There are 2 protein chains.
Amino acid sequence: MLRAKVSGKRNHSMPTIKDVARVAGCSTATVSRALATPEKVSDTTRERVAQAIADVGYAPNVAARNLRRAESKTIVALLPDISNPFFSEIINGMEEVAHLAGYQVLIGDCEHDPARAEAYFELLPTNQADGILLLTAEVPMVLVRQADGQSSFPLVMACEFFADIDLPTVAIDNHQAACHAIDYLISLGHRRIATLSGPAANPICKERVRGYHDTLAAHGLVAEARIVEGDFGFRSGYQQGLALLEPGRTRPTAIFCHSDEMAIGVLKAARQLGLAVPGQLSVVGFDNIGFSEYCEPELTTISQPRNEIGQQAMRLLLGLMRGEPVVRRQTLSTQLIVRKSTGRPDA
Amino acid sequence: MLRAKVSGKRNHSMPTIKDVARVAGCSTATVSRALATPEKVSDTTRERVAQAIADVGYAPNVAARNLRRAESKTIVALLPDISNPFFSEIINGMEEVAHLAGYQVLIGDCEHDPARAEAYFELLPTNQADGILLLTAEVPMVLVRQADGQSSFPLVMACEFFADIDLPTVAIDNHQAACHAIDYLISLGHRRIATLSGPAANPICKERVRGYHDTLAAHGLVAEARIVEGDFGFRSGYQQGLALLEPGRTRPTAIFCHSDEMAIGVLKAARQLGLAVPGQLSVVGFDNIGFSEYCEPELTTISQPRNEIGQQAMRLLLGLMRGEPVVRRQTLSTQLIVRKSTGRPDA
DNA sequence: CGCTCGAATGTAAAGCTTTACACTAGCATG
DNA sequence: CATGCTAGTGTAAAGCTTTACATTCGAGCG
């Protein structure tokens, strides 16, 4: 296993397919075939090539390959915000299946800025990326429509979705998850249950709010509905928590939050107002991030199968790219994890 | 601004430099020069080319460019673990300067697995990456030596460092930061101060432990030193917290933790054992992650200028690649942020 | 005027791989 | 035996850009 030696300057000249061909005593075409379509090459040749590759320490030049094949073996994963720990496990799942299939994943952190998203979409027509996995709906609609229109720009959504574009999607049933959480709170005896939603325009939040309403209605509690809006982050949870729990007003006895971070913000607000959790206030989060086990009190929350979402989304995307028949819409199941932040309301 | 039209199948054939040349009435070389070295082209030609580019909707084919230039305009950022929120802001900083310089950053999540790191290092000799930013020292030494030996494989460390390889580095002064924290605890009246270190083999942890020892010594408290080892995560903080605070043994009155996550784990352990924080136990964290303001009690911690670390590290790497003179070793300052988890020990 | 020099541009090769097409040899079939 | 097919391999073009080298033209200078 020799490495091309390096002279003083910029000269990491790797051996090329030509060197391999020379050593193996065949043409470059045969070497290429031995790598790409081994079954089209005789056993003996295949072995000679393999040996030659090892001897000269050959590794394919991907730029040349990408140029010739007009592809990049790169998938872009578009996130709204990389600092949200919710995404890390999804990314892990995506990478697992991407790597197995010989793809790289380029993480595109949009920081909630549509212009950033646009820049990443530009990678598609220029062959710098072969497909996009959307983990956010905060993307200029026109880009999505445009890309979705052309069958050769594969797009898959994970977790989120668009109300009016039917992209291939893998996600949970947000409506059902919300019903589950609210049902549970009602079964504990809560009647005044508020929702701390994510951005109101977000379709998944709408789904959850719908589940919230439906469940209240099923128990004749529509009059009690109260919804405030946050941005999924700690701070907004804290602020809206203070608003919801404002003394002098009739307080909700439970708050259903659309993210764990917001729920933890609410916990802080409750602490500051001297409210006992879960005695005077029950709190349910969403996502089951790592911190939810370490806050005080430990958070009751809805767990999404994040790794599996990532895996399935990537499988769906790759399947689409290969033109395989795929299930365009996959729904994975959630789980209500009951910890210490919920309980019967004090009388 | 025309877009090449797309026929049924895989045909996003973008216009090439040839099309631009034809429309502009010049050679491809001139177009290329107009883009890469505008000053070598006459004003009128430059304008004609610009117009032609706009007319045909040209965008350079990066694969061809990369092939020809033997570069990729990609920097790999190697992380030990993407789920640690400590890194997100560093990544933001890196991306800011990388994008301005026309570079992409590929996030390489090693998940603490040296084999993963090795795979990313392979991108260097094959021109799939132009440089590596190391945010972890959990990398096979041999790779680093090898890469560092060849001036054309630029390597920069951020936050971490190797004891015995002198790579260009941007980091904080871990010794000083630890001294600061311990000094502060001593000034509050603490004498039995324990340290919950990260992995003992980690050079930055060694530095912090050294600062801890030095400061204890300066106050004649060497006999009180007590160190346990964690892995920076919540869980290890909780477990080691339980061990340190075990009833029946003389407890430390303060614990200096090498990460906020571990500190939050300790907080949970203290809660479980019924210890009042800060009355019976003071806790200091490290990193000032977002959670640290939302745990109970709010965490006193050491803040690193994470965005700036990311920016400087990327600047250093790019400078190195351009052969500019650079400061190979940059130390940024930290700040002790006093919140509610520290106080005078109860008598 | 003859020459040199510089600016602006063109020509064509090089970078490395993949693949359409061509070719050969061996075998089976009619 | 002629024919056709297949498996295995080679030749060379194509993919797009950059850049060394060549060329042209005009200006400046002695």
Side-chain angles (χ1 to χ4, degrees), chain A residues 4 10-50 52-53 56-73 102 123 125-128 130 152, chain B residues 4 10-50 52-53 56-73 102 123 125-128 130 152:
Chain A
R10 181 164 275 269
N11 174 20
H12 11 162
S13 68
M14 296 284 293
T16 75
I17 205 172
K18 243 176 166 167
D19 300 308
V20 177
R22 188 165 24 74
V23 171
C26 66
S27 75
T28 60
T30 300
V31 176
S32 179
R33 278 188 287 252
L35 289 169
T37 50
E39 71 279 6
K40 290 191 178 171
V41 153
S42 75
D43 290 356
T44 66
T45 316
R46 186 165 45 240
E47 274 165 37
R48 270 214 321 277
V49 169
I53 286 176
V56 304
Y58 169 77
N61 179 316
V62 284
R65 171 176 295 175
N66 290 348
L67 171 58
R68 179 60 222 230
R69 292 206 192 151
E71 66 177 15
S72 64
K73 289 287 185 181
L123 301 180
T126 55
N127 279 327
Q128 292 174 86
D130 298 342
S152 44
Chain B
R10 181 165 276 271
N11 175 21
H12 9 165
S13 68
M14 296 284 292
T16 75
I17 205 172
K18 243 176 165 165
D19 300 309
V20 177
R22 187 165 28 71
V23 172
C26 65
S27 75
T28 61
T30 300
V31 176
S32 179
R33 278 188 287 251
L35 288 169
T37 51
E39 71 279 7
K40 291 190 177 173
V41 154
S42 75
D43 290 356
T44 66
T45 316
R46 186 166 44 237
E47 274 165 37
R48 270 214 320 279
V49 168
I53 286 177
V56 303
Y58 169 76
N61 179 317
V62 284
R65 170 177 294 175
N66 291 347
L67 171 59
R68 179 60 223 232
R69 293 205 192 154
E71 66 178 15
S72 63
K73 289 286 186 183
L123 301 180
T126 56
N127 279 328
Q128 294 175 84
D130 298 342
S152 43

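A, B, ... follow the sequence lines: proteins, then strands. Residue 1 opens every chain. As the structure is a prediction and not an experimental result, all values here were calculated from the model.
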Round to the nearest Å and state the distance from [X] atom [atom1] to [N] atom [atom2].
X      : N      : atom1 : atom2 : result
B/K40  : C/dG10 : NZ    : P     : 16 Å
B/M14  : D/dG15 : CE    : C1'   : 15 Å
A/E71  : D/dG15 : CD    : C1'   : 13 Å
A/N127 : D/dA14 : CG    : C1'   : 15 Å
B/E39  : C/dT9  : CD    : P     : 13 Å
B/I53  : D/dT17 : CD1   : C1'   : 13 Å
A/K18  : D/dT11 : NZ    : P     : 12 Å
B/N66  : D/dT17 : CG    : C1'   : 10 Å

Open item on the list: Show, in sequence, the C-alpha distance, side-chain angles and deciding distance for A/D130 and A/S72, and conclude whether the side-chain hydrogen bond (donor to acceptor under 3.5 Å, both in side chains) test is met.
Closed with: CA-CA 6 Å; A/D130 298 342; A/S72 64; 3.0 Å; yes

Which heavy atom of [X] sits nearest to which heavy atom of [Y], and what is that distance?
X      : Y      : value
B/K73  : B/G102 : CD-O, 3.6 Å
A/L35  : A/Y58  : CD1-CE2, 3.9 Å
B/T28  : B/A21  : N-CB, 3.8 Å
B/A59  : B/M14  : CB-CE, 3.9 Å
B/N127 : B/A70  : OD1-O, 3.3 Å
A/G57  : A/P15  : O-CG, 3.4 Å

TODO: Spell out yes or no: do the side chain of A/R68 and the base of C/dT18 have one donor N/O and one acceptor N/O closer than 3.5 Å?
DONE: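 Check passes, donor-acceptor contact within cut-off.
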
Task: side-chain contact (heavy atoms from CB on, under 4.5 Å) partners of B/T45, counting only residues at least two apart - done: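 By the side-chain contact (heavy atoms from CB on, under 4.5 Å) rule, B/T45 matches B/T30, B/V41, B/S42, B/R48, B/V49.
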
TODO: State which of D/dT9, D/dT17, C/dT18 makes the closest approach to the side chain of B/A64.
DONE: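 Closest nucleotide to the B/A64 side chain: D/dT17.
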
TODO: State which of D/dT9, C/dT17, D/dT17 makes the closest approach to the side chain of A/T16.
DONE: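 Given the options D/dT9, C/dT17, D/dT17, the side chain of A/T16 is closest to C/dT17.
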
Task: Contact check, side chains of B/V31 and B/C26, non-hydrogen atoms, under 4.5 Å - done: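 Yes - at least one pair of side-chain heavy atoms lies under 4.5 Å apart.
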
Open item on the list: Quick check on contacts: within residues 21-32 of chain A, what sits under 4.0 Å from DNA chain C by heavy-atom distance?
Closed with: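 Residues of residues 21-32 of chain A that come under 4.0 Å of DNA chain C are, in numerical order, A/A29, A/S32.
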
Task: Overall bend - the helix from C/dC1-D/dG30 to C/dG30-D/dC1, comparing terminal axes fitted on five pairs, nearest 10 degrees - done: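 It comes to 50° between the two terminal axes.
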
- [ ] Rounded to the nearest 0.5 Å, what's the gap from OG1 on A/T16 to CG on A/N61? Could you check?
- [x]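 Separation between the atoms: 9.0 Å.
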
Under 4.0 Å between a side-chain N/O of [X] and OP1 or OP2 of [N], yes or no?
X     : N      : answer
B/R69 : C/dG15 : no
A/R33 : D/dG8  : no
B/T45 : C/dA8  : no

Open item on the list: Taking the nucleotide of DNA chain C with the nearest heavy atom to each, does B/D43 or B/L67 sit closer to the 5' end?
Closed with: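 Looking at DNA chain C, the more 5' nearest nucleotide goes with B/D43.
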
